Novice: 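Please read through the structure below; I'll follow up with questions.
Numbered from 1 within each chain, the chains take letters A, B, ... in sequence-line order. Small disclaimer: the values here were computed from a predicted structure and weren't measured.
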Amino acid sequence: KAGVTQTPRYLIKTRGQQVTLSCSPISGHRSVSWYQQTPGQGLQFLFEYFSETQRNKGNFPGRFSGRQFSNSRSEMNVSTLELGDSALYLCASSLWGGPLDTQYFGPGTRLTVL
Amino acid sequence: AQSVAQPEDQVNVAEGNPLTVKCTYSVSGNPYLFWYVQYPNRGLQFLLKYITGDNLVKGSYGFEAEFNKSQTSFHLKKPSALVSDSALYFCAVRPHTGGFKTIFGAGTRLFVKA
């Protein structure tokens, strides 16, 4: 079974631009979560989607948004990029997203904001 | 507040020696606990999880973890470390309630010296 895939793997943007990151979950997984990883803040939860609905959101500004499609693929969008948005963005999928589920992570998208 | 603590930023161990990476948690109710490993420029890989039952959980690559409810700890262990075990290790908790998100510790970098 193919793992979680994320595209692109690397992105370089400038302040003020917007960016869209994509995540394809493991086949059959319906829950997709997004995390931001930085050296200073560690892994921080962004949001979780299940059946095209956002079920939970972390403490990030409204510039961070996401969506999920009917095939469970998910995208996240960051508008008006700031230098502090430079990070590794990780996507994780699981069957149902419940507390017992194991999450499987993609390789991440490394975003650099100049 | 629900949280996970990894008290050591770094653990150094000689190849062939046993290793322990510490984790303590603070959640309401019974926790679901996970360990993940991250290699450079990669996403997180699932190692093992504790749901209920035996306090000693066995996982991938010879790792195991011991759940201790009275000490609210979930330490990761391996009887004999390998140089290839050198990586960043994350302890995580998924509370029974709180909406489909995972709370990660700050991570512990493990160095195994040949």
Novice: Can you tell whether the side chains of A/Lys13 and A/Asp85 come within less than 4.0 Å, N to carboxylate O?
Specialist: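 So A/Lys13 does not pair with A/Asp85 through a salt bridge.
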
Novice: State whether B/Glu8 and B/Arg109 are salt-bridged, where the test is any N-O pair (Lys NZ or Arg NE/NH1/NH2 against Asp/Glu carboxylate O) under 4.0 Å.
Specialist: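 A salt bridge is absent here (no side-chain N lies under 4.0 Å from a carboxylate O).
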
Novice: Answer with yes or no after comparing the ring centroid distance for A/Phe105 and B/Tyr36 against a 6.0 Å cut-off, counting only values under it.
Specialist: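 Close enough - the centres of the two rings lie under 6.0 Å apart.
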
Novice: Quick check on A/Leu100 against chain B: is it the side chain, the backbone, both or neither that has a heavy atom closer than 4.5 Å?
Specialist: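 It is both, since atoms from each part get that close.
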
Novice: Is it the backbone or the side chain of B/Gln38 that comes under 4.5 Å from a heavy atom of chain A, or both, or neither?
Specialist: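 The side chain, not the backbone.
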
Novice: Does any heavy atom of chain A fall under 4.5 Å from the side chain of B/Leu44, the backbone, both, or neither of them?
Specialist: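 Backbone plus side chain of B/Leu44, per the 4.5 Å heavy-atom cut-off to chain A.
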
Novice: Let me know if A/Gln44 has heavy atoms under 4.5 Å from chain B in its side chain, its backbone, both or neither.
Specialist: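 For A/Gln44, no heavy atom lies under 4.5 Å from chain B.
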
Novice: At a 4.5 Å cut-off on heavy atoms, which part of B/Leu33 comes close to chain A: side chain, backbone, both, or neither?
Specialist: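 Interface part for B/Leu33: neither.
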
Novice: Hey, what's the ring geometry for B/Tyr50 with B/Phe67, parallel, tilted or perpendicular (30° and 60° as the breaks)?
Specialist: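 Plane angle under 30°, so parallel.
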
Novice: Go through A/Gly106, A/Gly42, A/Pro107 and name the one with the most non-hydrogen pairs under 4.5 angstrom from chain B.
Specialist: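 Greatest number of close heavy-atom pairs with chain B: A/Pro107.
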
Novice: Thinking salt bridges, do B/Lys77 and B/Glu66 make one under a 4.0 Å N-O criterion?
Specialist: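 Salt bridge between B/Lys77 and B/Glu66, a charged N being under 4.0 Å from a carboxylate O: yes.
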
